[in-house]
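Report on the following structure.
Below, each value reflects all heavy atoms present in this structure, side chains not excepted, and no hydrogens, waters or symmetry copies. Chain letters run A, B, ... following the sequence lines, proteins first and then strands; every chain starts at 1.
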Amino acid sequence: MTVNELASALKLRVVTMPEPDTVVEGGYAGDLLSWVMGNATQGCAWMTIMTNRNIVAVAQLIDMACVIITEGSDIPEDVVQLAEKQGINILATDQPTYETCVRVSSLI
Amino acid sequence: MPEPLKFTYDINGENFASAGEASMQIKKELRSLGFAPETIRRVSIAMYEGEINMVIHAGGGVAEVLVCPEKIEITLTDHGPGIPDIDLAMQEGYSTAPDAIRSIGFGAGMGLPNMKKYTDEMIIESEVQKGTKVFMRVDVK
Ligand SMILES: Nc1ncnc2c1ncn2[C@@H]1O[C@H](COP(=O)(O)OP(=O)(O)OP(=O)(O)O)[C@@H](O)[C@H]1O
Ligand SMILES: [Mg+2]
């Protein structure tokens, strides 16, 4: 399933989607960045409540399919711009991380 | 690529928001040079953790990356407070990151262990109140 398809199937808010056709190959959840850095896999959808600029670096360096910001966290405009520039898809939802993971898992 | 390529980055310690930019840049360079994704991943993760550490713990520094066909070497040099006990700092979960830094997702104490895990060699030289030098080598397989 592509990021675009995932976003519509789960009615996720599209914050920015410069690479809509990237295939989602797995999922990872976590908020401690260096933990995520050491353990998340390429092509995953990453569920996190973190919204600062460093999430873009983590997603870009791991080659993630997308970041899904959960729990309705606000995303600063400069983070959106950086994600666009780096080709990182960011989606968002008001749902908690656990529920989001369950829903993503039922689709991929 | 007959000659080794050298990339040098000034890592700004003031501008926390830009942290990670040198690593993202190196990743792009390595990709355009045609390195395997796994090699690129190992170099980028190791360099990112080192870059962030210089920003958070040392007020910035310099990152030098030497790219050869058979290996990639990263040297990170800062003039921060130094690491008093390197063995302790290397332990998973050990972190002196302040609360403000933890609140944006750092401070798991996993950076140095990640750097060790993703490189073939890592040497830390540090002197308290003088600074820290981290050398890492990733072999191209
Ligand atoms: N360049 C440095 N200068 C001074 N101290 C450092 C430096 N790099 C690491 N340290 C010390 O080593 C500790 C462990 O570093 P490590 O990268 O493993 O964890 P962290 O940076 O605290 O958290 P994380 O990397 O998980 O976000 C740091 O908390 C800090 O005390
Ligand atoms: Mg660290």
Side-chain angles (χ1 to χ4, degrees), chain A residues 16 18-19 22-23 25-26 28-44 46-71 73-90 92 97, chain B residues 11-12 15-31 35-53 55-57 74 89-95 97 100-119:
Chain A
T16 178
E19 303 285 342
T22 305
V23 175
E25 289 162 12
Y28 193 85
D31 305 317
L32 291 171
L33 300 180
S34 59
W35 192 274
V36 176
M37 202 66 174
N39 296 291
T41 50
Q42 183 180 342
C44 71
W46 173 29
M47 275 56 76
T48 183
I49 57 169
M50 286 297 161
T51 57
N52 63 78
R53 288 168 73 95
N54 295 286
I55 63 169
V56 178
V58 171
Q60 194 259 19
L61 294 172
I62 299 281
D63 281 320
M64 291 180 176
C66 63
V67 185
I68 305 178
I69 311 288
T70 58
E71 319 261 0
S73 308
D74 283 331
I75 301 135
E77 186 50 38
D78 67 306
V79 177
V80 180
Q81 278 165 15
L82 183 65
E84 247 157 53
K85 188 174 138 208
Q86 295 289 345
I88 299 302
N89 300 314
I90 301 188
T97 300
Chain B
I11 312 297
N12 187 342
N15 185 5
F16 187 73
S18 72
E21 256 161 39
S23 307
M24 288 195 270
Q25 195 55 44
I26 271 297
K27 181 179 174 175
K28 286 178 185 161
E29 304 283 2
L30 295 179
R31 189 179 269 170
F35 282 94
E38 188 51 28
T39 304
I40 299 176
R41 175 183 161 88
R42 294 172 67 210
V43 170
S44 343
I45 293 177
M47 173 145 167
Y48 175 77
E49 295 288 5
E51 184 183 353
I52 293 288
N53 276 356
V55 176
I56 296 180
H57 305 296
I74 306 165
M90 284 300 301
Q91 284 180 20
E92 293 190 2
Y94 178 82
S95 174
I101 296 294
R102 288 177 193 266
S103 72
I104 60 166
F106 294 108
M110 290 304 294
L112 291 173
N114 279 349
M115 289 153 73
K116 174 106 191 144
K117 175 174 155 192
Y118 285 106
T119 56

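When heavy atoms are compared at a cutoff of 4.5 Å, B/Arg31 approaches chain A solely by way of its side chain, counted from C-beta outward. Residue A/Met50 touches chain B through its side chain alone, counting heavy-atom pairs closer than 4.5 Å. Looking at A/Ile49, neither its backbone nor its side chain comes within 4.5 Å of chain B, counting heavy atoms on both sides.
The minimum heavy-atom distance between A/Ala57 and B/Met24, with the atom names listed, is CA-SD, 3.7 Å.
Counting only distance, with no hydrogens or angles, the side chain of A/Thr48 and the backbone of A/Gly30 share a donor-acceptor pair below 3.5 Å. With B/Asn114 contributing its side chain and B/Glu49 its backbone, the two residues share no donor-acceptor pair below 3.5 Å. In terms of modelled atom types and a separation under 3.5 Å, the side chain of B/Lys27 and the main chain of A/Gln60 share a donor-acceptor contact. Within the 3.5 Å criterion, the main-chain N or O of B/Glu21 finds a donor-acceptor partner in the side chain of B/Glu51.
Between chain A and the residues B/Met110, B/Arg102, B/Lys117, B/Lys28, the most heavy-atom pairs under 4.5 angstrom are made by B/Met110. Among B/Val43, B/Ile40, B/Ile45, the residue making the largest number of heavy-atom pairs under 4.5 Å with chain A is B/Ile45. Across A/Val56, A/Leu32, A/Val58, A/Thr51, the residue that shares the most heavy-atom pairs under 4.5 angstrom with chain B is A/Leu32.
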